[in-house]
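Heads up, the thing below is written out as structure tokens.
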Amino acid sequence: MSTRALHQAFLAAAEHFPERIAVVEPGEGEISYRQLADLSGRTRDQLRARGIGRGDRVGLYLRKSIDTVAAIYAILRAGAAYVPVDPGAPPARNAYIMHNCGVKLVFSESRVTEKFCAELEAIGATPQVIALDDVGAGLALGRWLETQSSALPFAQEADISANDDDLAYILYTSGSTGKPKGVMLSHKNAVSFVDWCSEVFEPRETDTFSAHAPFHFDLSILDLHVSLKHGATLVLITEDVGKDPMRLAKIIAEHRISIWYSAPSILGLLAQFGNLANLEFPDLRHVLFAGEVFPVKHLRILCGLWTKPRYFNLYGPTETNVCTFHEVITPVPEDRSVPYPIGRVCSHLLGKVVDENGTTVERGAEGELCIAGLGVMQGYWGLPEQTENSFLVDPQGTRWYKTGDIVVEESDGCYIYRGRRDRMVKRRGYRVELGEIEAGLYKHAQVKEAAVVAVPDEEAGVRIVAHLSCKAQAVPSLIEMKRFCGENLPLYMIPDRFVWQQSLPKTSTDKIDYQRLKEMA
Amino acid sequence: MNTEELKQAIKNYIIQEFLPGENPDNVTDDLPLISSGILDSIATLKLVLFIEERFGITLEAHETDKENMDTLAQMVATIEAKQK
């Protein structure tokens, strides 16, 4: 396979379709392919002038905007990897991430820069920080470029040709020890996935894609890099609108989105509260969802309201991006209550199901799904041991990523999801390690013991329950605990319930008895 | 319904639905409910639907974001302005 970098497909599309609209930011503005290529090229030159090149990392602490899309392509074109973080997460967590993978430079927003820089300083991190004012429509980046010297120390530089094993981006996910861990994906990983999407979904330049997921979330790889490869238009959906079904439904109709991709939770809300019956969606042709199990009850309502599009259940951890997929044939039968399969392995990957010893199980038996192939991550940043433990290496030397998901192969390669091997849960599409929530709770001065369990819930998928014991007589109020968590954890990790006890139940070996806690819930 | 009754109705709903067992005194007029993470996105959505039904008003999108509906005081002001 020839060496190809992730951004080359976008640049080729910009040559083909210079006047087409590449990205729309509703209420803020839009940008054509030509303009996006230009803006990202000029930003790349400034990055190069600041010493950013192959093998470096650049952080993005920005809300979703045209500026952010341009910065992503600028970073890739400079030969570096981009590291997007959740702009709504606590600054200390984002500073940790930037420090952890040693970014040389961070684009941030002026409104958070002071706090963020203080956190960076506190942990001894010293990246260059570029604070952008009023991010939106690509204008903030444009204004910043104007203040920079255009006399660059080199002639108009071409894009740095990345080796396809170079990193394209690092996505941080929840870590069980309380610290997020960085999943490293190379250009080859990314391009193999993007090409698979092209093969299956056959995007065209007349398509309009949604960008519902935040950029630090792996769903964004499809949104960004598949749409911009094909000359299609990408509509950025901000966090506020993204969780409000009424506003969201209007945006989908108004911008004539044809390929939708998100976690199932928001699709469930759209089906129930989006007033979909009173709007028209003639262009919608694919509805893709991933990140968690879609409750059949809500999927049925959605398929009844949106009858035209094809529906695809995509499955895969950040470490592989999508690795299996299943087309849901509509309508959903009235008597179906079992969730749909996660489906077959994508054509650029291989899958197998193994037992605890790593031996392949017979078809029909439960086991852990392992994935090999071009899309599989390089490893976790700075964690050689965790990286090694996450792979199974077969006698031929093939690295199989152990997903931690327990599956059954039903018939000729179609997998059914059964559950997790460890303490990770999915909530609103986000990966949540219950251990990270516990680590956050232990920071509270009054918390003596903390044990977090996830219990199934028909409406929400799972509910997260924190069992706690207190150092003092009077326990902190519910409001205090929620506010404390809001300051120390990403919002999607805040427990739904806090249960205070004298002391937590223990097993015979004096460990916290999680089984009993689950039964109590 | 006067301002105090209106506020009490919203407060009761919030405590009953989202903060069961919480001491009502802790739900002060200027407690940030959305920006602090006390109410998640689904809770906020349910609260908006409750307010619209109970007070017979329609809230525009920008009126339900965390700049305009973060505290009890802001909610009451928004509703009263609508009812005029």
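Computed from a predicted structure; not experimentally measured. Naming convention: chains lettered A, B, ... in sequence-line order (proteins, then strands); numbering from 1 in each chain.
Proximity to chain B (any heavy atom under 4.5 Å) is shown, for A:I479, by both the backbone and the side chain. Heavy atoms of A:I494 lying under 4.5 Å from chain B belong exclusively to its side chain. Both the backbone and the side chain of A:R483 have a heavy atom closer than 4.5 Å to some heavy atom of chain B. Heavy atoms of B:N26 lying under 4.5 Å from chain A belong to its backbone as well as its side chain. Of the two parts of A:F273, only the side chain, counted from C-beta on, holds a non-hydrogen atom closer than 4.5 Å to a non-hydrogen atom of chain B. With a threshold of 4.5 angstrom between heavy atoms, A:L489 does not approach chain B through any atom at all. For B:V27, the parts lying under 4.5 angstrom from a heavy atom of chain A are both the backbone and the side chain.
Under a 3.5 Å cut-off, the side chain of B:E52 and the backbone N or O of B:L59 do form a donor-acceptor pair. Side chain of A:E25 to main chain of A:A137: a donor-acceptor pair is present (N/O by atom type, distance under 3.5 Å, no hydrogens or angles). At least one donor-acceptor pair under 3.5 Å links the side chain of A:E438 to the backbone N or O of A:V452.
For the set A:K250, A:R428, A:E487, the count of heavy-atom pairs under 4.5 angstrom toward chain B peaks at A:R428.
Residues of residues 37-45 of chain B that come closer than 4.5 Å to chain A, counting heavy atoms only, are B:G37, B:I38, B:D40, B:S41, B:I42, B:L45, ordered by residue number.
Of the inter-residue distances, the one linking A:M493 atom CE with A:C485 atom SG reads 11.0 Å to the nearest 0.5 angstrom.
Using bins of under 30°, 30° to 60° and over 60° for the plane-to-plane angle, the ring pair A:H216/A:Y430 lands in the parallel bin. Taking the six-membered ring where tryptophan is involved, the planes of B:F50 and B:F55 are perpendicular, since the angle between them exceeds 60° and thus also 30°.
Around CD of A:E480, the count of heavy atoms belonging to other residues, nucleotides or ligands within 6.0 Å exceeds 12. Atom CG of A:D457 is surrounded by more than 12 heavy atoms from other residues, nucleotides or ligands within 6.0 Å.
A salt bridge links A:E28 with A:R63: the closest approach of a Lys/Arg side-chain nitrogen to an acidic carboxylate oxygen falls below 4.0 angstrom.
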**OP:** Evaluate the criterion salt bridge (Lys or Arg N to Asp or Glu O under 4.0 Å) for residue pair B:K82 and B:E63; output intermediate values, then yes/no.
**Re:** CA-CA 11 Å; B:K82 283 258 157 186; B:E63 292 167 330; 3.2 Å; yes

